[in-house]
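First the proteins, then the strands, lettered A, B, ... as listed; each starts at 1.
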There are 2 protein chains.
Amino acid sequence: MKEKKRITLAEIAKKAGVSKSTVSFILNGKSESLRISETTRKRVLEVVEEYNYRPSIHARSLQSKRSYTVGLVIPDLTNFGFASIAKELEKHCREDGLQLLIACSEDSQALEKKVVEHLVERQVDALIVGSAMIDDQFYVKLTHQLPVIQLDRQIGNSILPLVCTDACNATAKVVSQLLSSDNQECYFFGGQLELSPSKQRLKGYKLGLQQANLVLKPNWIKHADYQSHSGYKMMAECMKELGRPPSCLFTASYILLEGVLRYLRDHQLLNCDIRIATFDDYHILDCLPIEIDSIAQDCTSLAQTVYILVKNMLNGEEISKTQYILPAKICWRSR
Amino acid sequence: MKEKKRITLAEIAKKAGVSKSTVSFILNGKSESLRISETTRKRVLEVVEEYNYRPSIHARSLQSKRSYTVGLVIPDLTNFGFASIAKELEKHCREDGLQLLIACSEDSQALEKKVVEHLVERQVDALIVGSAMIDDQFYVKLTHQLPVIQLDRQIGNSILPLVCTDACNATAKVVSQLLSSDNQECYFFGGQLELSPSKQRLKGYKLGLQQANLVLKPNWIKHADYQSHSGYKMMAECMKELGRPPSCLFTASYILLEGVLRYLRDHQLLNCDIRIATFDDYHILDCLPIEIDSIAQDCTSLAQTVYILVKNMLNGEEISKTQYILPAKICWRSR
DNA sequence: CTGAAAGCGCTAACAG
DNA sequence: CTGTTAGCGCTTTCAG
């Protein structure tokens, strides 16, 4: 591994017969304002081209106190939604010469704090977090150093900038549709209620019942955490209560749905009379014997919106609107 | 956003009443070799603690010509396997004070080249690539600047370091099991044959047939690309050829399987007599009416192995073994 | 229009 | 054992 040392600004300057600053100005598009002659400009650019010169990002960062990086903290990269957003964000960043730094918190508050601190040490210019915290104090403090934006999840009633999906209305719509064919029963399986998305989904569920003129029975609502086996257990509980599968069910996440489906499979109930809808959309839902309506987050818009927000904040622009609730997309399969 | 400017080494030194180098040495664990007195050491560390001082990574990078970052280029972050590996790698890196920079190539050679160049500009210390290239020349050149490691995919017969899954043997085992109950037919649906994983899976399929003493019929093998609708189309073709579903089928990826399942669903064939096995494991396979054996990559081991390799190369150690073919795990559901 | 020079914050010789 | 000093490569005044 030969350490072919990179060529520097100084060397380029010498080869082009000008001074370092001239090269620097040209490279940073300041030739205009400084009225650098077209000939020098061309000559310099040729040399730059010839030697395939690339400025050192570290030297620049040191100088400018910017790192040209953006931190993204999400609970889990293997979660399809977060992965999609990460992927889109990475593309946006790259196109602007920024670098996205991705870290996972695994939904642990302690780990989240740790990875954020790591990113801050790296001097990220901005931070985007899908947080598992229940108090935004930690992030509010950070705000003195860099812009912080909440993604997908709101910490309490934090007024920090936020971009997330309108889970409530989509859920309501899906749930009331579930009930349209005169069903008189609809269960809700959810995860940790502390998380803002959970709250919104539950709220939407209740709204949906209301819209269908159905009075909620307390035992219809079950929740534990977003794990497959929790879905399985809730289904088992439900069966015990009813002696049969519920006529309608809304699962607050795909992973819970998996648990439910596994239960049904294990008990030969895949062809029973049950209507299901779920939050999260996966292609596999097109392949199941049960027709399951689903709610898809618009990851492209989420990523785009959050990115624009980041850019604006980095440019120090005054932000008027800081909270964005984006509509979800409903994938109807039952009709 | 107040730019609370960070405290510097120099200030710490002044506050502790010592010189910059003393602080630097202490912070870099060189107190031993330089026999710095325990008292100064303690005093300095106290000041560091008090002001919560963190060295500037950029200044250090500029100086040391290392960026303390590792680049990871994968085709797609929303692919569960790659996401898992990325997640694990990120953890390993973070624990060592490195930062993982993730970028997606979307399986485009042009884009891959671009993102790699971006990462190289960022002066990543090492590069891990799940490449879509068919020629390793580009990477061999890079080798002069930094260590490059192939992950999951081998470019041609490239002798660059490689960590991947033993798809061949796992596939053979699964295929021969499919055929165990005296089936006389087994189709193979695959993706782009240029990609090394595809080759290995096909090879394994053939080996599996052989082990089951079945003679391959050319029309059993179909391939296009790794997209759901390709799986759908191959299945349609197959139906046309046979007038019925094949008795056995191996899909070379989960995404192709999805297409197949969608076809079966659309044509009310989910309960027909078909045996399927697939590469890639997903939990949802536990929930389907068809019992599908699957092959799971051991992402944890892949990540760990590739990380150890990276570390060794970064330490400039002589690497004796550079090609690692890790066993896959088979998830039996049919028995 | 262009060049000289002063840092950005840190490391590592080299002197004491 | 500790301090001085010279850069790392780039940006940016401030003088020509």
* **Distance test, side-chain N/O of A/Thr40 to OP1/OP2 of C/dT2, below 4.0 Å** => yes
* Does D/dT2 have OP1 or OP2 sitting under 4.0 Å from an N or O in the side chain of B/Ser19? -> no
* Asked: Are B/Glu117 and B/Lys113 ion-paired here, with the side-chain N under 4.0 Å from a carboxylate O?
  -> no
Flag side-chain contact, heavy atom, 4.5 Å: [X] against [Y]:
| X | Y | answer |
| --- | --- | --- |
| B/Asp96 | B/Tyr68 | no |
| B/Ile12 | B/Lys15 | no |
| A/Tyr307 | A/Val70 | no |

Between atom [atom1] in [X] and atom [atom2] in [N], what is the gap in whole Å?
| X | N | atom1 | atom2 | value |
| --- | --- | --- | --- | --- |
| A/Tyr68 | D/dT11 | OH | C1' | 9 Å |
| B/Lys20 | D/dG3 | NZ | C1' | 11 Å |
| A/Phe25 | D/dT12 | CZ | C1' | 6 Å |
| A/Arg60 | C/dG9 | CZ | C1' | 18 Å |
| A/Ile7 | D/dC10 | CD1 | P | 10 Å |
| A/Lys65 | C/dC8 | NZ | P | 7 Å |
| A/Gln123 | C/dC8 | CD | P | 14 Å |
| A/Glu11 | D/dG9 | CD | P | 8 Å |

Minimum-distance nucleotide (side-chain atoms of [X] versus [options]):
| X | options | result |
| --- | --- | --- |
| A/Ser37 | C/dC1, D/dT2, C/dG9 | C/dC1 |
| A/Val18 | C/dC8, C/dT11, C/dG3 | C/dG3 |
| B/Leu9 | C/dT11, C/dC8, D/dT12 | C/dT11 |
| B/Ser56 | D/dT12, C/dC10, D/dC8 | C/dC10 |
| A/Thr8 | C/dG9, D/dT11, D/dC10 | D/dC10 |

* Would you check if there is a donor-acceptor pair between the side chains of B/Gln150 and B/Ser131 at a distance under 3.5 Å? => no
* To do: Between A/Gln63 and B/Gln63, just flag the one whose closest nucleotide in DNA chain D comes earlier from the 5' side.
  => B/Gln63
* To do: Ignoring hydrogens and angles, answer whether the base of D/dT4 and the side-chain atoms of B/Ser21 contain a donor-acceptor pair closer than 3.5 Å.
  => yes
